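We number each residue from 1, following the sequence as shown. Computed from a predicted structure; not experimentally measured.
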Amino acid sequence: PDCTATVNFITMTRTSVAVGITTVALYMVTAHAVEAAPAKPPQVILFQLGDDYGFNNVGYPHGPLNYSNPEAHTPNMDELAMSGIRLERHYVYKYCSPTRSSFLSGRLPVHVNQNNDCNDIESTSGIDLRMTLLPQKLKMAGYTTAAVGKWHCGGHSEANLPVNRGFDFHFGFLKGGEDHFEQNRCAGGPDSKWVDLWLQHAPAHGHNGTYSAFIYTSMVQEVLTNYSRDLNRSSRQSSAAPTAGEQQKLFVYLPWHNTHTPLEAPPQYMYPSYPPFNNSFPARMTYNAMSRALDEGMGNITAHIRTLGLWNSTLVVFSADNGGWMLPRGAAGSNNYPLLGGKVSDYEGGVRSVAFVSGGYLPQYLRGTRFYGYMHIADWYATLCGLAGVDPTDVPTNASVPATDSIDMWAALMVPNGTISPRREIFLAFDQPVRGDRALVVDEYKIVCGKQSGLQWHQGPVFPNSSATYDVEGCLDCCLFNIRTDPTESTDLKSTLPDVFSKMNASLIANGQTVYQTAYADPEATECITTDQARSYYGNFIGPQCFKTSPFPPSPPPPPPHLFALKKGDNCAHADVTRTKVISVLCKTTGGTGAADRVWIEDASENNFLAHMNATSGVGPAYIKVDEHPPAAGTFPPGGSVDGTSAAVPPQFFCDRGAVYLNPDAGKGATHQGFKYNAADGSLRSTFCVGFAADQCLALPIDSGSAHTAQCTDAASFGWELVFAP
């Protein structure tokens with residue numbers, strides 16, 4: 001949204017001289033754009049993201065203090081930055097998934113995705129399926145597209161996979177973080193050891209078990225090699241050289257996993273250590289080792305591009321996805337000096353990223369320059385579309401889905417050390433009420449509100465260097481900063497400039513009405529499986545859990561149960577229950593009148609049965625016994641009695657394994673005590689009451705589980721129906 005109408009008070013305070021300067025600067029932008037207009041699109045576009053990469057974790061000079069970190073041994077990154085354009089005001093979201101969603105969709109994070117919920121594979125957050133992604137646009141211009149590394153833009157269904165969002169090739173993990181060596185999930189919980197690594201449409205079985213920076217470097221090199229081979233084959237087979245529009249081109253999106261937690265690095269990067277080995281600060285040492293591994297991967301890929309003869313037509317972009325994480329006592333090891341705050345905060349340390357543009361495609365006169373104007377990572381969508389020669393417009397047919405916010409920045413970037421940007425404002429965040437944090441930049445002013453994770457504090461040039469921890473809630477009532485004159489956000493101007501603050505706050509609240517959070521699922525992917533089923537289906541890997549058709553073959557219908565009816569006078573042994581599992585017991589009325597007997601099973605197991613029967617009619621008590629053999633004639637179940645007296649048990653009334661014994665001699669309608677008999681030790685556990693007509697037999701289910709209910713009529717005429725499993 002264009003909020004200039006709400007914030008014109010800022011522009012209106014400027015003098016006509018300032019307006020004149022702006023006009024001249026914009027003319028210079030246009031002039032340089034004409035002078036440096038590319039004759040053809042870049043043949044190779046390599047866009048790289050560093051994960052949780054600290055603003056001060058590079059070795060080249062940059063930032064408001066032009067500082068370079070002596071502990072950051074990043075020679076390849078330094079060379080790329082110093083031979084390209086250092087982007088001094090490049091903005092991102094304060095954490096992972098929204099930044100990636102913004103870059104690929106061309107929307108500000110507030111208009112696509114502000115949460116990290118797609119850390120859960122079943123979540124519908126990420127990038128709305130109705131948005132056209134950058135690789136889909138670039139394919140229209142003849143680019144082959146590849147994604148290698150961390151996706152973190154949704155994996156709810158197969159439609160969310162990178163290969164179904166415009167990438168011809170994908171290798172990497174779907175969620176937000178994992179072990180660097182084994183590619184296991186690091187989020188904890190019962191599925192913490194699932195492998196998250198994907199290749200095209202399926203789990204990447206056999207590819208895990210190597211340090212992530214190594215496997216991603218190797219895979220990108222393979223992609224480049226295959227592209228070069230295919231390019232050479234096409235040129236040999238063609239009778240005429242292809243035009244710029246016809247020539248096969250390549251877009252590689254490389255979101256590294258370094259330097260995201262867990263902090264892990266191969267031993268060869270740990271020694272010599274930076275800082276010198278000191279057990280007091282292992283996180284700082286390991287983080288620097290991880291940045292060295294990342295830097296080496298970048299160097300190897302750059303060298304490979306040169307070897308393939310593609311460097312002069314390659315455009316390279318690097319950005320952090322957010323600032324470094326400032327965990328308690330420096331446990332994340334990163335450093336955002338001299339900026340305020342870090343990851344998960346809207347202060348500059350969380351959202352102003354280390355970034356640069358480089359490559360042989362860049363005009364010579366821009367080598368070693370900087371760009372000081374505002375740029376958001378969403379702007380690369382329109383910028384790269386413009387270079388490729390495709391229309392960046394994306395207006396979804398569903399009116400509720402926002403259009404793109406991206407601005408083509410190429411003309412502004414073509415001005416050496418330019419300060420003028422077509423982007424005047426950046427709506428950074430509005431995640432109220434979840435966290436209550438929100439922020440907006442308009443020209444030189446920035447308003448920040450909320451607790452901001454207690455990160456309103458600055459790191460020193462060497463951090464961590466003590467065991468101290470901080471939790472500073474400095475902007476609960478909002479803060480106002482001039483980030484041009486005060487880039488470290490040290491002075492709150494809210495009370496000094498109340499009118500500016502009031503209007504900035506009003507603009508922020510108005511912008512908040514435009515927030516859009518992706519929660520859209522493929523309407524055809526209605527067949528969803530549980531996480532346990534997914535674990536089995538993918539062979540202990542993580543993957544989408546919703547499909548258009550079930551990934552499992554339909555279950556065969558259960559076979560019809562074997563019914564065996566017992567009537568008055570039947571012998572239970574004829575039912576052969578010793579070889580058949582009884583799955584339920586039903587009573588079926590066959591005639592007669594009288595009050596009903598209600599029968600239900602509370603519990604059953606291999607050796608124990610429990611039945612409660614409330615009888616208002618019938619003759620004789622019933623006893624439950626677990627026995628492999630029928631009792632002898634005239635015996636009584638061990639420990640049993642009928643009203644305190646012993647009774648004979650006719651041998652014909654038994655069901656082997658779970659027998660019910662009936663006493664035909666007791667009076668009709670009498671209440672009798674029966675027993676739950678424990679076959680293991682002969683003890684009696686509980687009682688039941690029953691009244692039955694003489695000569696009736698009931699087989700109780702052997703399996704444990706839910707209750708079964710049966711209704712019986714009086715003793716005059718009824719039968720038992722037993723349902724057996726085949």
Will you find, in the side chains of [X] and [Y], an N or O donor that is under 3.5 Å from an N or O acceptor?
| X | Y | value |
| --- | --- | --- |
| H180 | S212 | yes |
| N164 | E158 | no |
| S123 | D117 | no |
| H90 | S353 | yes |
| S125 | N113 | no |
| Q114 | Y93 | yes |
| Y227 | Q43 | yes |

Please confirm whether the backbone N or O of [Y] pairs with a side-chain atom of [X], one donor and one acceptor, at under 3.5 Å?
| X | Y | result |
| --- | --- | --- |
| E88 | G63 | yes |
| S334 | G54 | no |
| D295 | S291 | no |
| S421 | G373 | no |

Please report the shortest heavy-atom distance between [X] and [Y], naming the atom on each side.
| X | Y | result |
| --- | --- | --- |
| M131 | P402 | CE-CD, 4.2 Å |
| G543 | L174 | CA-CD1, 4.2 Å |
| S157 | P544 | C-CB, 3.6 Å |
| G297 | T217 | CA-OG1, 3.4 Å |
| G350 | V92 | O-CG2, 4.3 Å |

Any side-chain heavy atom of [X] sitting closer than 4.5 Å to one from [Y]?
| X | Y | result |
| --- | --- | --- |
| Y60 | V354 | yes |
| I215 | Q183 | yes |
| P42 | S313 | no |
| Q48 | M298 | yes |
| V112 | T518 | yes |
| Y91 | Y374 | yes |
| V401 | Y516 | yes |
| S345 | K94 | no |

Gap separating the [atom1] atom of [X] from the [atom2] atom of [Y], nearest 0.5 angstrom:
| X | Y | atom1 | atom2 | value |
| --- | --- | --- | --- | --- |
| C153 | R100 | SG | CZ | 7.5 Å |
| N258 | L294 | CG | CG | 5.5 Å |
| N505 | K494 | CG | NZ | 9.5 Å |
| I542 | E178 | CD1 | CD | 8.0 Å |
| R86 | F356 | CZ | CZ | 11.0 Å |
| H111 | F430 | NE2 | CZ | 11.0 Å |

Query raised in the report: Of all residues at least two apart in sequence or in a different chain, which pass the ring pair (Phe, Tyr, Trp, His ring centres under 6.0 Å) check with F55?
Result: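 Scan of F55 (ring pair (Phe, Tyr, Trp, His ring centres under 6.0 Å), adjacent residues dropped) gives H62.
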Query - Stepwise ring pair (Phe, Tyr, Trp, His ring centres under 6.0 Å) test for H257 and F173 - result: CA-CA 9 Å; H257 190 206; F173 66 104; 4.8 Å; yes
Query raised in the report: With under 30° as parallel and over 60° as perpendicular, where do the rings of F47 and F103 fit, or are they tilted in between?
Result: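 Judged by the thresholds at 30° and 60°, the geometry between F47 and F103 is parallel.
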**Report entry** SG-SG under 2.5 Å, C449 vs C478
**Finding:**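 Bridged: C449 to C478.
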Requested in this report: Please determine which of L508, L440, V441 meets the side chain to side chain contact (heavy atoms under 4.5 Å, CB included) test together with L428.
Outcome: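 For L428, the side chain to side chain contact (heavy atoms under 4.5 Å, CB included) test succeeds with only one of L508, L440, V441, which is V441.
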Requested in this report: Run through V220, L49, L134 and flag the one making a side chain to side chain contact (heavy atoms under 4.5 Å, CB included) with Y253.
Outcome: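 So, applying the side chain to side chain contact (heavy atoms under 4.5 Å, CB included) to Y253 and each of V220, L49, L134, only L49 qualifies.
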**Report entry** Over 12 non-hydrogen atoms of neighbours within 6.0 angstrom of CG in D477
**Finding:**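 12 or below, so no.
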Query - More than 12 heavy atoms from other groups under 6.0 Å of CH2 on W325 - result: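 At most 12 heavy atoms, drawn from other residues, nucleotides or ligands, come within 6.0 Å of this atom.
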Query - Test log, rule side chain to side chain contact (heavy atoms under 4.5 Å, CB included), inputs Q200 and L161 - result: CA-CA 8 Å; Q200 296 293 77; L161 293 175; over 6 Å; no
Query raised in the report: Please walk me through it: do D379 and R423 pass salt bridge (Lys or Arg N to Asp or Glu O under 4.0 Å)?
Result: CA-CA 9 Å; D379 296 329; R423 177 170 291 284; 2.7 Å; yes
Report task. Could you go through the side chain to side chain contact (heavy atoms under 4.5 Å, CB included) check for T302 and V316 one step at a time? Result -> CA-CA 9 Å; T302 300; V316 177; 5.8 Å; no
Query raised in the report: Is the Lys NZ or Arg CZ of K249 less than 6.0 Å from the centre of Y143's six-membered ring, within 45° of the axis?
Result: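 Cation-pi check for K249 and Y143: passes.
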Query raised in the report: Does the pair D405/R107 count as a salt bridge with the N-to-O cut at 4.0 Å?
Result: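 No.
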Query raised in the report: Does the pair E348 and K446 meet the rule for a salt bridge (Lys or Arg N to Asp or Glu O under 4.0 Å), with working shown?
Result: CA-CA 10 Å; E348 294 289 274; K446 177 180 178 182; 2.7 Å; yes
Query - Pair D431-R438, salt bridge (Lys or Arg N to Asp or Glu O under 4.0 Å): steps then yes or no - result: CA-CA 6 Å; D431 52 359; R438 52 198 187 277; over 6 Å; no
**Report entry** Worked check of side chain to side chain contact (heavy atoms under 4.5 Å, CB included) between V357 and L87
**Finding:** CA-CA 7 Å; V357 187; L87 304 177; 3.8 Å; yes
Query raised in the report: Can you pull the salt bridge (Lys or Arg N to Asp or Glu O under 4.0 Å) pairs that have at least one residue in residues 128-146, sequence neighbours excluded?
Result: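 Every pair satisfying salt bridge (Lys or Arg N to Asp or Glu O under 4.0 Å) with a residue in residues 128-146: D128-R130, K139-D168.
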**Report entry** Partners meeting side-chain hydrogen bond (donor to acceptor under 3.5 Å, both in side chains) with D522 (sequence neighbours left out)
**Finding:**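 Partners of D522 under the side-chain hydrogen bond (donor to acceptor under 3.5 Å, both in side chains) test: none.
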Query - Validation row, ring centre F169 to ring centre F167 under 6.0 Å - result: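 No; F167 has its ring centre 6.0 Å or more from that of F169.
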